[in-house]
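Just so you know, ligand 1 is whichever comes first in the structure, and atom 1 is the first atom listed for that ligand.
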Amino acid sequence: MKTQSSFTLKEVPLNNNCPECYSNDGLMLTFKQRFIENLFYKAITEDTSLEMHCKTCDTIIFPVRWTDAIEQVVAYQKRAVKPKAKSFKLKQAGWIFVIVDVLLFVTVMLFVTGVLSF
Ligand SMILES: [Zn+2]
């Protein structure tokens with residue numbers, strides 16, 4: 001059970017003309033950062049991705065469609081965006097897993113060293 005998803009880091013409205021509908025107030029640049037979440041932990045990775053879509057014509061604008069002006073703005077925004085620091089958070093199930101492991105280890109050690117015996 002492992003899922004990879006991303007959250008929206010930053011959304012930037014662009015003033016550039018949309019390559020599809022030529023509207024100049026519909027373009028939106030979205031930065032996303034990937035995180036991994038499963039039963040035991042949630043970890044934020046350093047991977048970011050970006051996506052551009054136009055709210056006016058509701059189209060995803062792929063990089064092949066970007067004009068030079070759009071590329072310049074994207075390059076600028078890329079430098080300005082600050083990804084969240086990598087992080088790793090154990091969930092409750094993760095903590096239980098760790099604690100059970102530690103308890104097992106301690107019990108085994110006590111048996112091995114002869115402190116505990118039946
Ligand atoms: Zn458009």
Side-chain angles (χ1 to χ4, degrees):
M1 203 193 105
K2 194 175 171 186
T3 51
Q4 286 196 354
S5 352
S6 49
F7 61 90
T8 300
L9 188 63
K10 191 181 177 189
E11 273 189 323
V12 193
L14 303 182
N15 298 321
N16 301 69
N17 287 83
C18 169
E20 302 296 337
C21 68
Y22 305 105
S23 152
N24 67 354
D25 60 0
L27 283 185
M28 186 68 95
L29 181 65
T30 309
F31 287 92
K32 291 181 172 185
Q33 193 167 348
R34 236 161 40 80
F35 68 90
I36 299 164
E37 185 168 17
N38 63 25
L39 189 61
F40 298 114
Y41 66 86
K42 181 175 179 177
I44 295 178
T45 72
E46 280 175 321
D47 291 350
T48 55
S49 60
L50 53 84
E51 196 183 282
M52 191 182 298
H53 85 275
C54 174
K55 287 190 294 187
T56 308
C57 61
D58 202 21
T59 309
I60 292 178
I61 315 295
F62 291 102
V64 285
R65 299 286 291 146
W66 295 358
T67 61
D68 287 349
I70 292 177
E71 271 179 29
Q72 276 174 23
V73 175
V74 170
Y76 171 78
Q77 291 295 341
K78 262 184 176 171
R79 282 195 295 270
V81 75
K82 288 190 176 54
K84 282 195 180 197
K86 254 199 324 194
S87 79
F88 182 88
K89 223 187 241 166
L90 269 185
K91 288 187 176 185
Q92 201 179 18
W95 280 112
I96 292 169
F97 186 72
V98 169
I99 290 166
V100 167
D101 263 9
V102 170
L103 284 178
L104 265 175
F105 179 74
V106 170
T107 311
V108 167
M109 283 311 283
L110 289 178
F111 268 112
V112 167
T113 54
V115 176
L116 210 69
S117 61
F118 288 115

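- In this structure, the side chains of Ser5 and Phe35 come closer than 4.5 Å at one or more pairs of heavy atoms.
- Proximity of Val98 to Phe40: side-chain heavy atoms (C-beta onward) are nowhere separated by under 4.5 Å.
- Checking side-chain atoms of Asn17 against main-chain N and O of Tyr22 turns up a donor-acceptor pair under 3.5 Å.
- Take the Zn ion (ligand 1) and draw a sphere of radius 2.8 Å; the protein N/O/S atoms inside it number 4.
- Residues passing the salt bridge (charged side-chain N to carboxylate O under 4.0 Å, His left out) test with Glu71, sequence neighbours excluded: none.
- Here the side chain of Thr59 pairs no donor or acceptor atom with the backbone of Ile61 at under 3.5 angstrom.
- Between Glu37 and Lys91, some side-chain heavy-atom pair lies under the 4.5 Å cut-off.
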